[in-house]
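The next block holds one structure in the form of structure tokens; read it before the comments.
Just follow the structure's listing: the first ligand is 1, and inside any ligand the first atom is 1. Being a predicted model, the structure only gives us computed values, none of them experimental.
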Amino acid sequence: MDLHDLHDLRQWLPQAIGVAERWGGQFGPYRTHDAHRVEHEAFDEAFDRMAKRMDDNYPFFHPRYAGQMVKPPHPAAVVGYLTAMLFNPNNHAAEGGPATTAMEKEAVADLAAMFALPAHVGHLTTSGTMANLEALYVARQLHPERGIAYSAECHYTHERMCHVLGVQGHRIPVDDRGRIDLNALEEALSSGRIGTVVVTTGTTGLGAVDPVHEVLALARRYGARVHVDAAYGGFYAILGRSGLAGLDPRPWQAIAHCDSVVVDPHKHGLQPYGCGAVLFPDPRAGRHFAHDSPYTYFTDSDLHLGEISLECSRAGAAAAGLWLTLQLLPLTPDGFGRILHADRRAATTWATLLHQSPHLELYQQPDLDIVTYFPTPPHPALSCIDTASQQLLEAGMNAQPDPVYLSVLRADAEAFTRRHPHLKRDADSARIMRSVLIKPESEHYLPTLHARVEQLAAAHH
Ligand SMILES: *Cc1c(COP(=O)(O)O)cnc(C)c1O
């Protein structure tokens with residue numbers, strides 16, 4: 001793990017135990033039971049075995065890992081989570097844990113402010129998938145006779161959740177940057193069969209930002225709602241709304257006028273897994289969860305987390321981890337924004353280096369911090385690129401002592417040759433390289449990372 005983080009953890013972790021000791025001490029003595037007591041020796045032995053098994057992992061914390069959107073949580077998130085976990089509150093209802101319920105409301109209000117929502121009802125979830133399911137559930141409740149449109153590049157769970165909800169899904173093609181195609185969307189909308197359009201601000205594959213502002217205008221013209229899946233890219237609203245880091249402010253500013261938005265604090269938000277969020281700018285959305293509850297109205301100040309959620313039990317600890325993190329790194333350009341700015345600089349710098357490289361080619365200009373590229377093939381054909389990409393992935397992972405961890409993404413032939421018309425289309429698709437530069441450390445490490453990936457690509461010619 002990051003050495004500074006480990007140092008901080010050594011200092012801060014014992015305080016978690018201190019809090020539990022102090023609080024627990026006020027309830028009087030009682031006789032403990034030995035039914036679940038274990039010997040220290042037995043623990044050490046079992047723990048040793050587990051510790052060894054943890055060697056079988058990828059170094060998500062290290063900038064030589066430039067694969068998926070994973071990084072360890074911030075030490076403050078770990079300490080916040082662990083402290084609350086010792087109490088084990090359940091945020092399905094205020095009675096499950098008043099303190100962490102209040103922290104959840106405050107953290108969710110911070111997320112709502114990040115998107116500049118005028119008002120909101122919302123809560124944390126265990127994942128982006130669950131958060132999107134809730135948003136699509138509300139979409140179905142409001143337009144039971146109409147379907148849901150999403151782009152071909154949207155997260156695969158939207159299609160799955162449409163099946164779960166028994167809603168007709170409409171897959172809309174994308175343009176040559178991987179963004180929802182507005183002409184195709186308008187055609188679908190004009191059929192009158194679309195009740196809600198899903199836009200993605202930062203697709204999971206390419207990191208492409210859909211033109212939320214344009215989709216919103218179109219959707220409104222046809223009486224359709226708009227849901228924003230910002231699970232991966234949402235924290236970029238901090239920079240995007242002000243047009244910082246070279247981002248187009250219009251999609252980010254339009255989010256406030258959409259009908260729901262999802263963001264995953266367990267991606268950019270420095271939280272351990274088990275932390276997504278769904279927000280509705282119109283607090284009346286809460287009523288759709290209220291069928292079997294005695295509560296019939298919901299406002300900003302009157303939030304019953306259990307009654308506005310499809311899930312029941314949820315870790316109050318997740319709310320505490322997020323809350324504590326946001327006290328230290330507020331969702332502002334000078335707070336959290338510094339991390340995103342560094343990620344973004346790493347991505348644009350790499351794009352420039354890839355553009356100049358004789359051994360690698362940029363697949364497309366990154367919108368956020370996902371960089372897509374491929375090894376320059378010996379023959380300009382998709383099949384060659386496919387093989388070379390897979391080889392580069394494996395060569396990087398298996399290289400000792402200097403490994404790099406990348407990921408691959410499958411691009412379809414049509415999309416590929418639209419961007420790179422000189423390539424021969426001798427396969428239906430080709431794998432390309434994909435790197436998510438989700439850690440600010442990537443900014444400093446980039447020259448090393450680029451040189452190493454270039455070296456590996458050159459060696460496999
Ligand atoms: C990661 C992701 C999801 C799914 O979120 P989970 O937290 O993995 O369930 C949905 N949409 C987008 C755009 C994502 O990047």
Side-chain angles (χ1 to χ4, degrees), residues 60 67-73 77 108 111 114-115 122-139 148-165 169 171-172 174 177-180 196-212 215 226-237 240 251-252 255 258 260-279 309-311 314-315 318-319 321-322 340 343 347 366-372 407 409-410 434-439:
F60 302 128
Q68 310 288 351
M69 38 184 77
V70 197
K71 59 178 171 182
V108 166
L111 294 175
M114 175 173 83
F115 292 116
H123 59 90
L124 300 181
T125 61
T126 50
S127 69
T129 302
M130 284 306 301
N132 276 317
L133 173 62
E134 295 205 11
L136 298 191
Y137 165 73
V138 169
I148 293 174
Y150 42 75
S151 92
E153 286 286 336
C154 84
H155 198 266
Y156 70 94
T157 50
H158 289 288
E159 190 165 21
R160 183 188 287 176
M161 289 310 168
C162 282
H163 283 304
V164 170
L165 292 166
R171 199 180 167 88
I172 310 294
V174 290
R177 294 283 303 278
R179 300 170 298 201
I180 194 164
T196 297
V197 181
V198 176
V199 284
T200 309
T201 51
T203 58
T204 315
L206 299 167
V209 177
D210 281 337
V212 182
V215 170
V226 177
H227 166 60
V228 185
D229 182 358
Y232 147 68
F235 282 84
Y236 272 103
W252 302 102
I255 294 175
C258 294
S260 48
V261 55
V262 157
V263 62
D264 260 355
H266 67 205
K267 285 181 181 152
H268 270 113
L270 302 171
Q271 302 309 299
Y273 284 117
C275 196
V278 60
L279 304 161
S309 164
L310 288 180
E311 292 177 275
R314 278 188 303 107
L322 181 59
L340 301 161
D343 296 354
D367 277 356
L368 298 176
D369 55 24
I370 296 178
V371 184
T372 47
S407 75
L409 173 71
R410 191 168 284 284
R434 167 176 167 274
S435 285
V436 187
L437 302 180
I438 202 173
K439 298 181 286 275

_Short side-chain donor-acceptor distance under 3.5 Å, H158 and D229_ = yes
Contacts table for ligand 1: protein N or O within a distance under 3.5 Å of ligand N or O, distances only.
unit_1   : atom_1 : unit_2 : atom_2 : d
ligand 1 : 5 (O)  : D264   : OD2    : 3.2
ligand 1 : 7 (O)  : G128   : N      : 2.8
ligand 1 : 7 (O)  : D264   : OD2    : 2.7
ligand 1 : 7 (O)  : H266   : NE2    : 2.7
ligand 1 : 9 (O)  : G128   : N      : 3.4
ligand 1 : 9 (O)  : T129   : N      : 2.9
ligand 1 : 9 (O)  : T129   : OG1    : 2.5
ligand 1 : 11 (N) : D229   : OD1    : 3.3
ligand 1 : 11 (N) : D229   : OD2    : 2.6
ligand 1 : 15 (O) : T204   : OG1    : 2.9
ligand 1 : 15 (O) : K267   : NZ     : 2.9

*Kindly indicate whether the side chain of L165, heavy atoms from C-beta on, has any atom under 4.5 Å from the side chain of L133.*
yes
*Close side-chain approach of C275 and L124, heavy atoms under 4.5 Å*: yes
*Write down the atom of P251, the atom of V212, and the distance for their closest heavy-atom approach.*
O-CB, 3.6 Å
*Take Y236 and H268 through the ring pair (Phe, Tyr, Trp, His ring centres under 6.0 Å) test and state the conclusion after the steps.*
CA-CA 9 Å; Y236 272 103; H268 270 113; 5.4 Å; yes
*Taking the inter-plane angle between the rings of Y273 and H266 on a 0 to 90° scale, is it parallel (under 30°), tilted (30 to 60°) or perpendicular (over 60°)?*
perpendicular
